[in-house]
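As structure tokens, the structure follows; a few thoughts come after it.
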Amino acid sequence: MSNDLKMKRYDALVIGAGFAGLYMLHRLRQLGFNARVIEEGEGVGGTWYWNCYPGARCDVESMQYSYSFDEGIQQEWVWTERYPKQEEILLYINHVADRLDLRKDIQLRTRVTKGSFDASHNQWTVQTDTKETFQSSFLITASGCLSASRVPEIEGLNSFKGDWYHTGQWPKKEVDFAGKRVGVIGTGSSGMQIIPVIAQTAKSVVVFQRTPNFTIPAWNKPLSVEDQNQWKANYAEHRAKARNTRSGILYEYSSRAGADVSAEEREQEYERRWLRGGANFTHAFNDIFLNKQSNDWAADFVRKQIKRIVKNPEVAQMLTPTDHPIGTKRICVDTDYYETFNLPHVKLVDVRKSPIQSISATQLHTQDQAHDLDMIVFATGFDAVTGAIERMNLSNPAYQTIQETWKSGPRTYLGLMSHGFPNLFFITGPGSPSILTNVIVSIEQHVDLIARCLQHMKSKGHRRIEASNEAQEKWVQKVNDVANDTLFPLAQSWYMGANIPGKPRVFLPFVGGFGPYSQLCEEVIAQDYTGFNFS
Ligand code: NA7
């Protein structure tokens, strides 16, 4: 087939078929755009397609972690548990894809390798690993904030005789831990979720921990149909309220500061929230993310719980986070995480004290010990927020590549566009609230905003949109200023790019809150899209 025959032309090309890509496709169709989604995976679902490791579960409750744009869909879907597990979310996404008849415009098993803007035609040319070329007036990344998974470079990994996996690229087959000596590297959310499950059947588990993190029990439980119906009776109202919050999630937000109440009252409040479970804990007082003293009080409560749960005082001490304020690394929501370390066949190794040095055929070597292993699980996280976008090799030959533009940290206007890259939109891009929120709420807001903008362009006959450099520089400054007013920069977190060697230390999401952010976006639109240039 000649290259010309392989060339496909669209009004809009969307990269990624997770929550963002599916909703974007739906909105583009409503606008009458000829749109196509390309997706690397063999199925839709994005994050929930890839992260299918045992124990994978969302840390936002089921009734809130779903689309709000379609009353029919939100009423008909029935969840089974307080926190949804990966399989159930994936079923839900597939249901939505079928319900809206989206599949015919989605091309699976296709990875973008390169994208280039052609200024003379105002269009993007995109190449893929399937050797196809797509041309499109608009390019929209829906590639997710936690999708570029990362296996650390460890000498000798290729010589390991057993199986090894990364949680973010878990195989679609059943992985059997029974009778195996399993090593797990990483104790973020994924590690904390998979470790208790592996421990149920493995012969032994060695957890290689670099930084202990805070986690709050989920107290997950079945969700009754009656409870769901009660929520669904006022679904629109709940959603609207959530959109006005900082995180897009209905938590019990306190209006009191930690110091407003007595020490005894504080303890009672932490205790009540601990027993309720989940990230609601970090909203016990309104200054936990802003005031170190208030944060310390909350963190101390969790440290006491670790001491109470973990029987071996030395292990409890190792599991106790001391190097960052609570919540400034994403707080985890677990089931039996600390309890797992009371099991006789589960061992904790501090790899900050004794770093991992190499892997051989049957062993993982830390500085002072060799551990016999049959399997290694990497729960080592992602090149978050910017990684997936940068891996696409997007460029404007008249300007730069996106990697060059972002070499000292991402530069965007509102997290939506980057100056120098016309007609390229990011859904939940760097500099937007994204991963600090219920990401579906952020996705819906961005998709609606992009759709409104495209409609505006259509009605005015514009063919090109670009963020102005001035507006972008102001926004980047604001993103940094707002982060510096909080405790977040005190942690070496993936929010700061600190987990990737060589990645600039810049706070990646906008921490000013979803409610204020979306209000700001509305003001931008009301002021005739100030900061965006059309032609
Ligand atoms: P995270 O939260 O980035 O956790 C990764 C973990 O892996 C974390 O404990 C890291 O330690 C550890 N890590 C990373 N590289 C290494 C090396 N080289 N050696 C030892 N340990 C290492 O990823 P998750 O997948 O758990 O969660 C990501 C998000 O997905 C989560 O927040 C939820 O929103 C869903 P570190 O803390 O960097 O010292």
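Quick caveat, the model's predicted, so the values are computed rather than measured. Order of appearance sets the numbers: ligands from 1, and atoms from 1 within every ligand.
In this comparison of R210, R330, M192, Q209, the heavy atom closest to atom 14 (C) of ligand 1 sits on R210. Looking at A56, P501, S190, it is S190 that brings a heavy atom closest to atom 27 (O) of ligand 1.
For T328, there are no side chain to side chain donor-acceptor pair (under 3.5 Å) partners, not counting sequence neighbours.
Under a 4.0 Å criterion applied to the non-hydrogen atoms of L146, ligand 1 contributes the atoms 29 (C), 30 (O), 34 (O).
Under a 4.0 angstrom heavy-atom cut-off, R352 registers as being in contact with ligand 1. The shortest heavy-atom distance from F208 to ligand 1 is not under 4.0 Å. For the ligand labelled ligand 1, residue F382 lies inside the 4.0 Å heavy-atom shell.
Ring geometry for F507 against Y495 counts as tilted: the plane angle lies between 30° and 60°, on a 0 to 90° scale. Ring orientation note: the planes of F301 and Y270 are tilted relative to one another, at an angle of 30° to 60°.
Protein heavy atom nearest atom 31 (C) of ligand 1, with residue, atom name and distance: S189 OG, 3.5 Å. Protein heavy atom nearest atom 37 (O) of ligand 1, with residue, atom name and distance: K329 NZ, 2.6 Å. The protein non-hydrogen atom at the shortest distance from atom 39 (O) of ligand 1 is T211 OG1, 2.4 Å. Here the protein heavy atom with the shortest distance to atom 23 (O) of ligand 1 is G381 CA, 3.2 Å.
For an aromatic pair to be called close, the ring centres must be under 6.0 Å apart, and F425 with H446 fails this.
When the options F19, W77, W79 are evaluated for a ring-ring contact (aromatic ring centres under 6.0 Å, His included) with Y65, the one that passes is F19. A salt bridge (charged side-chain N to carboxylate O under 4.0 Å, His left out) with D374 is found for exactly one of K203, R181, K161, namely R181.
Using a cut-off of 4.0 Å between Lys/Arg side-chain N and Asp/Glu carboxylate O, E269 and R272 are scored as salt-bridged.
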